> 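Got a structure for you, questions after.
Note on naming: letters A, B, ... go to the chains in the order of the sequence lines (proteins, then strands), and numbering restarts at 1 for each one. Note that the coordinates shown come from a computational prediction; the quantities given were computed from them, not determined experimentally.
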Amino acid sequence: MKNKRSSIKRRNQNEENWKSLRTTRDDLSLDRTLPTGQSFRWQKVEEYDENDENEKKYSTYVGVIGRRVVQIRERMEFEEEEEKSYETTTIEFRVLNTNESNICKNEDKENGEQEEEQVTKDVRAYFNLDDPIPLKDLFEQFSKADPYRFGRLSAYVRGARTLRQPPAECLISFVCSSNNNIARIKKMVESLCEKYGEELVCNVSSRSRSRSSGSSGRDDDEENEVNDKEEINESKIYHAFPTVEQLAEKCDEQTLRDLGFGYRAKFIPAMAKELVKRGGEAYLLKLRDAPQTEEEKYRAITELTSLPGVGPKVAGCAALFSLDKKSVVPVDTHVWQLAREHFDPNGELASMETTASTTKGSANEEGAEQQRHKESSTPTTPTKQKDKPLSITPKMMKKCEEMLVSIYGAYAGYAHTALFVAELPTVRESLPEHLRTPTKADKKRGEKNGEKKPEKKKRKFLKVDGENKSDDDGA
DNA sequence: GCTGGACCTTC
DNA sequence: AAGGTCCAG
């Protein structure tokens, strides 16, 4: 409503609005946290550093936290000291929208400063940056507890954090995630926000043409020209995630079906209404603030599971990603696969796959094989199955979660996040071959060649060979 | 309690 | 098939 003010001034103002998140890249890597399928609202945006004479490009993320549109970047600085020069990374953010935050209603300066503090607090909270234990230290603990897998992986997933999202947003997003892929989940969440969420008005920073002094006068900014409508107003509209009240009142199944939600369309209005009945967001926040005991953890999961569209997996995600239940390990097909591959030397998990998975005839055989070495006497699994997708039963989830919690402890959920991130294509590619979890294709190929899966036996007892400490990622 | 299907789209 | 859940039997 109030975008009549001078956009130029605002633009300059924004340039200086970057504030430090007061963390380090050991504790937070944006690339390993924001686009990893915890939250579906972050968009990677390339920017140019206007203070750098070469206008060096750097990447930022733009997303919405509550009612603020937030942009985050990792800024690298090179410092020279005597002979050595080294770089430090500062993680910074700024608020882009003008109808919340950086404008104080009564031009009171103190209020403004309070607001500034509040913003920083909120953003830090969203990233769980006020944990009692820094992520770096946790990773060291995980590595000690599990040198074979986590220890060798930790350098490649440094800064892979677990977020702390608004509970209703998190829960509803993950209801959309069932039997679905990330790209479509993002689309669904975005359309839900556009349809029902509060508008958040941002000034658009029409960079580029300001100075094309840079050597490569390329302008890949054609999209700015295309969006001429928005360019004129110099504002861009983002949307808050709708509140449960908004959804309960306005949202209906048919509309969501038309938006492409498929069979999940009926869950969201039903859940919103039920949540409102139970007290709205405050009801969920109560689950968050309950004492951090195992009992309360299970209670939270039970409560969530009684909502429409929420099974154990979705409840686990909401509990871990928004309700401070840090030992929860939400087990999905991917986590199951990696647990079976790396944490199942005795084939306990493998033996539970009574339903054949898509590709592995050998999985069951192998599991049964190893099972025989132990004493447990589950009925030997049939060797021949049809090609049905593997579905994870609650029993399997429980077993898998227990196994990981027994290894990683009270912050097992954080370890899970890092292990999961290591499986994402972009990160996986940065891993040395021997750390990559074999894909189905790999296994198939192996079977065809009649190979014997050489590793398996050395597993837990192999000492961590001196994997060159390559402190770093590929990015 | 546990298991097998159906369920909406789309990459 | 994709980061499951619900509902019968």
> Scan A:V335 against the nucleic acid and name what it touches under 4.0 Å (heavy atoms): base, sugar-phosphate only, or nothing.
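Nothing: the residue A:V335, judged by heavy atoms under 4.0 Å, touches no strand.
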> Could you check whether A:P308 gets within reach of a base, just the sugar-phosphate, or nothing at all, counting any heavy atom under 4.0 Å?
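The residue A:P308 makes sugar-phosphate contact but no base contact.
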> Check the surroundings of atom NZ in A:K286: do more than 12 heavy atoms from other residues, nucleotides or ligands lie under 6.0 Å from it?
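Check fails, neighbour count at 12 or below.
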> Would you indicate what A:P394 reaches in the nucleic acid, counting non-hydrogen atoms under 4.0 angstrom: base, sugar-phosphate, or nothing?
nothing
> Take atom CD1 of A:I182 and atom C1' of C:dA1, then tell me their distance rounded to the nearest Å.
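In whole Å, C:dA1 C1' lies 14 Å from A:I182 CD1.
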> Kindly write out the residues that satisfy side-chain hydrogen bond (donor to acceptor under 3.5 Å, both in side chains) with A:Y414, not counting sequence neighbours, or none if the list is empty.
A:N128, A:D131, A:K326
> Within this structure, what is the OG-CZ distance for the pair A:S191 and A:R184, rounded to the nearest 0.5 Å?
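Rounded to the nearest 0.5 Å, the OG-CZ separation comes out at 10.5 Å.
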> Among residues 317-328 of chain A, which contact DNA chain C at a heavy-atom distance under 4.0 Å?
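None, since no heavy atom is under 4.0 Å.
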> Is there a side-chain hydrogen bond (donor to acceptor under 3.5 Å, both in side chains) between A:S178 and A:Y263 once you walk through the steps?
CA-CA 10 Å; A:S178 83; A:Y263 64 83; 3.1 Å; yes
> Using whole Å, what does the distance between atom P of nucleotide C:dT5 and atom CG of A:L171 come to?
11 Å
> Mind checking if A:V175 touches a base, just sugar-phosphate, or nothing, with heavy atoms under 4.0 Å?
nothing
> Calculate the interatomic distance between A:K398 atom NZ and C:dG4 atom C1'; express it in whole Å.
20 Å
> Assign the ring pair A:H416 / A:F321 to parallel, tilted or perpendicular, where the plane angle (0 to 90°) is split at 30° and 60°.
tilted
> Report, as yes or no, whether the 6.0 Å neighbourhood of atom NZ on A:K266 holds more than 12 heavy atoms from other residues, nucleotides or ligands.
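Yes, NZ of A:K266 has more than 12 neighbouring heavy atoms, counting only those of other groups under 6.0 Å.
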> Any base atoms under 4.0 Å from A:I185, or only sugar-phosphate, or nothing? Heavy atoms, all strands.
nothing
> Quick one: what's the B/S/- string for nucleotides 6-11 of chain B, heavy-atom cutoff under 4.0 Å, read 5' to 3'?
-BBBSS
> How would you label the contact of A:T36 with the nucleic acid (heavy atoms, under 4.0 Å): base, sugar-phosphate, or nothing?
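The residue A:T36 makes base contact.
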> Could you work out, with side chain to side chain contact (heavy atoms under 4.5 Å, CB included) as the rule, every residue matching A:P394, not counting sequence neighbours?
none
> Is the closest side-chain donor-acceptor distance between A:S306 and A:R278 under 3.5 Å?
yes
> If the condition is ring pair (Phe, Tyr, Trp, His ring centres under 6.0 Å), which residues does A:Y283 pass it with, not counting sequence neighbours?
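Partners of A:Y283 under the ring pair (Phe, Tyr, Trp, His ring centres under 6.0 Å) test: none.
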> Please give, in whole Å, the distance from C:dT5 C1' to A:I172 CD1?
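To the nearest whole Å, that distance equals 17 Å.
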> Does a sphere of radius 6.0 Å around CD in A:Q43 hold more than 12 heavy atoms from other residues, nucleotides or ligands, not counting ones at 6.0 Å or beyond?
no
> Please classify the nucleic acid contact of A:L338 as base, sugar-phosphate, or nothing, using heavy-atom distances under 4.0 Å.
nothing
> Taking the C1' atom of each, how far is C:dT5 from B:dC11, in whole Å?
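Approximately 22 Å lies between the C1' atom of C:dT5 and that of B:dC11.
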> Any base atoms under 4.0 Å from A:F420, or only sugar-phosphate, or nothing? Heavy atoms, all strands.
base
> Closer to the 5' end of DNA chain C via nearest nucleotide, is it A:F267 or A:D332?
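Whichever sits nearer the 5' end wins; that is A:D332.
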> Can you tell me which stems involve DNA chain C, if a stem is defined as three or more consecutive Watson-Crick or G-U wobble pairs, both distances under 3.5 Å?
B:2-7 with C:4-9
> Send over the distance from A:I268 CD1 to C:dT5 P, rounded to a whole Å.
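Atom CD1 in A:I268 sits about 14 Å away from atom P in C:dT5.
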> Got a sec: does the CZ of A:R299 have more than 12 other heavy atoms crowding it under 6.0 Å?
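Incorrect, the count does not exceed 12.
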> How many Å lie between CD on A:E401 and P on C:dG3, as a whole number?
20 Å
> Separation of A:E423 atom CD from C:dA2 atom P, in whole Å?
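Going from CD in A:E423 over to P in C:dA2 covers 14 Å.
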> If the P atom of C:dC6 is compared with that of B:dT10, how far apart are they to the nearest Å?
23 Å
> Do A:Y148 and A:F343 have their ring centres less than 6.0 Å from each other?
no
> With rounding to the closest Å, how many angstrom separate the P atoms on C:dG3 and B:dG4?
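Pairwise P distance, C:dG3 against B:dG4, rounds to 23 Å.
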> For the backbone of A:K136 and the side chain of A:D27, can you confirm whether one donor and one acceptor N or O come within less than 3.5 Å of each other?
yes
